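None of these values were measured; they are calculated from a predicted model.
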Amino acid sequence: MTCLHYRDNTLFVEDVALSKVATKFDTPCYVYSRGAIETNWRAFDDALKSIPHRICYAVKANSNLSILNLLAELQSGFDIVSVGELERVLAAGGDASKIIFSGVGKKKDEIRHAIEKNIFCFNIESATEAARIQEIAQALNKKVNVSLRINPDIDAKTHAYISTGLSENKFGVASQDAISMCQHIAAMPSLNLIGIACHIGSQITDLAPFQVALDFLFVTYEELKQLGIQLKTINVGGGLGISYQQEQTPAIADYAKMLTQKTSQYPVEIIIEPGRAIIGNAGVLLTRVEYIKHGQHKNFAIVDAGMNDLMRPALYQAWQHILAVNLHAGKKTTYDIVGPVCESSDFLGKERDLALAEGDLLAIDSAGAYGFSMSSNYNTRPRSAEVLIEGDKMKLVRKREEIQELFSNELQF
Ligand code: LLP
C-alpha cells in the first residue's frame, strides 16, 4: 500500500503536503513516511510473535542513518553485505550483536572488522569463505557464529537480475554439497555452525517459492540432525514483494503465517531479512517537470530526477506509479516521463496519462527501497536530499550533495 494520499487535490505523505517539501528542500528529493516504516516492521514482528524470530532488515534497500536508527529503536536486527553497511548500522545506534553479514565476496579486512565488532553471524557462501573466516577467527582467538547459505535451485519467478536462488546464480552453495559442507564447517574449531540460510530473490509476489524454500531448509535441517548436527536458526532471507502496479502481493501477515505454521514444529529461531517490504512503499521520489516537449511520435515530460536518482526503471524495466502532486483540471496527455541524463534509458515511466504543465511536481511512488541506495553521480549530478515525515513534521535526513563534493577526492595530475 502506498504512503500517499490526496487532500483537496494535493498529494500528502502523512500530514505534510509534498508541495511544501519541494518548497523547503527543493527537488529531486526522496520523501519517507516514518509511520509507514514502523507499521511494516511491526507487521512482521506481530505476525511472527508466536515463534522465536529475528527480523534483520536488509540495509542495502535503504541505508539512511535516520532510517536505520528508527529501526534500531524498534529493536530490529540488520542484514549487511559490506563493512560500509556495518559502520552505518553502528553509527545509527544499531546493535552489533544483531547483525548478520551476507554476501558472496567478503574480503579479509571486512571479515576481521566484523569479528572484532562481535556481530551475530556470518552467512557463509562457499568453502573457501568458511576457511577464510576460520583462519581469521583463530588468529583473533574468537569463536564465531556462522550459517551456511544454500542455493536451493528454486525459481522465484521474478526479474532475472534479482533472482538469486537458481543454480545458475552465483549465490550460496549447491544444494547437493550442503550436507557435506555443514559437516565440514561443524568440525572447524573457530566456527560455531548455528544454522542454514537461503535467499531466493527479490520482489517475489507469490508465496509458493517461499514455501518450497522453507520445506527444503527443514528437510536439510532433519538430515543434519540425523548426522548429529543440531541447528538453532533457519534463515529464509528477504524477498517479499510489494505492489507497484496493483499486483496482488501476499500480505506480510500471510507470509508470516506460512513461516509460523512450519517453524512452530521445530525448536529453532526463524530469521528473515526483509528490505523492500519494510521500506519500499514508505518512500517516494519527488521531482519537478522542467520542460514539456512534443516530439513527432511522443510527448515527453522532462523532469529534474534521472536514472542516476532512480535506477530501477532503466535497469529492470521496473514500473512505478507516477502521480501529479497538484491535480489540475487540464486535459490528460500521454507522456514519457524522462530525466536530464544523456541516455535513452533515462526514463522514470513510459506512456503515462497525466495533465501536466512545466513547473508541476510529480511523485514517483514506492521508491523507498533501492531508490536512493542505488543512486549515483552519473553526469556529475549531486545526489538528492532525503526527508523523513512524521505526522505534520518534516525533517531533512540527508542534505543534497554540493557539486564541489563530487570531485573533492580527485587529484589533478
Ligand atoms: N537478503 C539478502 C541476502 C539479499 O541479497 C537481499 C536483497 C535481501 C535480503 C533483501 O531482499 P528484499 O526483501 O528487499 O527483496 N535492486 C533490486 C533488488 C536487489 C535485491 C538484492 N538482494 C531492485 O531494485 O529491485
Chemist: Check the side chains of Glu386 and Asn64 for a donor-acceptor pair under 3.5 angstrom, ignoring hydrogens and angles.
Modeler: yes

Chemist: Does the side chain of His199 come under 3.5 Å of the side chain of Asn123 through a donor N or O and an acceptor N or O?
Modeler: no

Chemist: Any carboxylate oxygen within less than 4.0 angstrom of a Lys/Arg side-chain nitrogen, looking at Asp336 and Lys298?
Modeler: yes

Chemist: Would you say the rings of Tyr6 and Phe12 are close, in the sense that their centroids are separated by under 6.0 Å?
Modeler: no

Chemist: Can you list the steps and then say if Arg398 with Glu401 is a salt bridge (Lys or Arg N to Asp or Glu O under 4.0 Å)?
Modeler: CA-CA 9 Å; Arg398 183 181 172 113; Glu401 279 175 344; 3.3 Å; yes

Chemist: Taking Glu402 first and then Arg383, would you say they form a salt bridge - that is, a charged N and a carboxylate O separated by under 4.0 Å?
Modeler: no

Chemist: I'd like to know if the side chain of Tyr378 pairs up with that of Glu343 as donor and acceptor (distance under 3.5 Å, no hydrogens or angles considered).
Modeler: yes

Chemist: Taking atom types as modelled, find out whether Thr10 and Asp8 have a side-chain donor-acceptor pair closer than 3.5 angstrom.
Modeler: no

Chemist: Without swapping roles, check the side chain of Glu273 against the backbone of Tyr57 for a donor-acceptor pair under 3.5 Å.
Modeler: no

Chemist: Under 3.5 Å, side chain of Tyr30 to main-chain N/O of Asp309, donor-acceptor pair present?
Modeler: yes

Chemist: To the nearest 0.5 Å, what is the distance between OG (Ser76) and CG (Asn69)?
Modeler: 12.0 Å

Chemist: Regarding Gln211 and Lys262, do their side chains bring together a donor and an acceptor under 3.5 Å, going by distance alone?
Modeler: no

Chemist: Please check if any side-chain donor atom of Thr2 sits under 3.5 Å from a side-chain acceptor atom of Asn281, or the reverse.
Modeler: no

Chemist: Please work out whether the ring planes of Phe210 and Tyr255 are parallel, tilted or perpendicular, with thresholds of 30° and 60°.
Modeler: perpendicular

Chemist: Side chain to side chain contact (heavy atoms under 4.5 Å, CB included) with Leu315: which residues, sequence neighbours excluded?
Modeler: Tyr161, Met311, Met374

Chemist: Output yes when a side-chain donor or acceptor of His113 lies under 3.5 Å from a complementary backbone atom of Ile111, and no otherwise.
Modeler: no

Chemist: Show your reasoning for whether side-chain hydrogen bond (donor to acceptor under 3.5 Å, both in side chains) applies to Gln203 and Tyr316.
Modeler: CA-CA 11 Å; Gln203 185 52 18; Tyr316 315 115; over 6 Å; no

Chemist: What I want to check is whether the side chains of Ser147 and Asn235 have a donor and an acceptor closer together than 3.5 Å.
Modeler: no

Chemist: For a side chain to side chain donor-acceptor pair (under 3.5 Å) with Ser33, tell me which candidate from Glu38, Glu390, Glu14 qualifies.
Modeler: Glu14

Chemist: Do any N or O atoms from the side chain of Arg400 and from the backbone of Cys29 form a donor-acceptor pair under 3.5 angstrom?
Modeler: no

Chemist: Does a donor on one side chain and an acceptor on the other come within less than 3.5 Å for Asn118 and Lys142?
Modeler: yes

Chemist: So, Ser375 and Asn308: side-chain donor and acceptor under 3.5 Å apart, yes or no?
Modeler: no

Chemist: Test of understanding: with salt bridge (charged side-chain N to carboxylate O under 4.0 Å, His left out), list the residues that count as partners of Lys117, not counting sequence neighbours.
Modeler: none

Chemist: Centroid-to-centroid, Tyr335 to Phe300, below 6.0 Å?
Modeler: no

Chemist: Ignoring hydrogens, what is the shortest heavy-atom contact between Ile150 and Ala178? Give both atom names and the distance.
Modeler: CD1-CB, 3.7 Å

Chemist: Using a distance-only test with no angle check, is there a side-chain donor-acceptor pair under 3.5 angstrom linking Arg276 and Ser202?
Modeler: yes

Chemist: Is the backbone of Thr263 close enough, under 3.5 Å, to the side chain of Gln265 for a donor and an acceptor to pair up by distance?
Modeler: no

Chemist: Keeping the roles fixed (side chain from Asp46, backbone from Ala43), state whether a donor-acceptor pair exists under 3.5 Å.
Modeler: no

Chemist: Looking at Arg352 and Lys350, would you say the former's side chain and the latter's main chain have a donor-acceptor pair under 3.5 Å?
Modeler: yes

Chemist: Report the C-alpha separation of Arg7 and Asp15 in whole Å, then their side-chain angles, then the decisive distance to 0.1 Å, and conclude whether the salt bridge (Lys or Arg N to Asp or Glu O under 4.0 Å) test is met.
Modeler: CA-CA 9 Å; Arg7 278 187 210 165; Asp15 296 323; 2.5 Å; yes

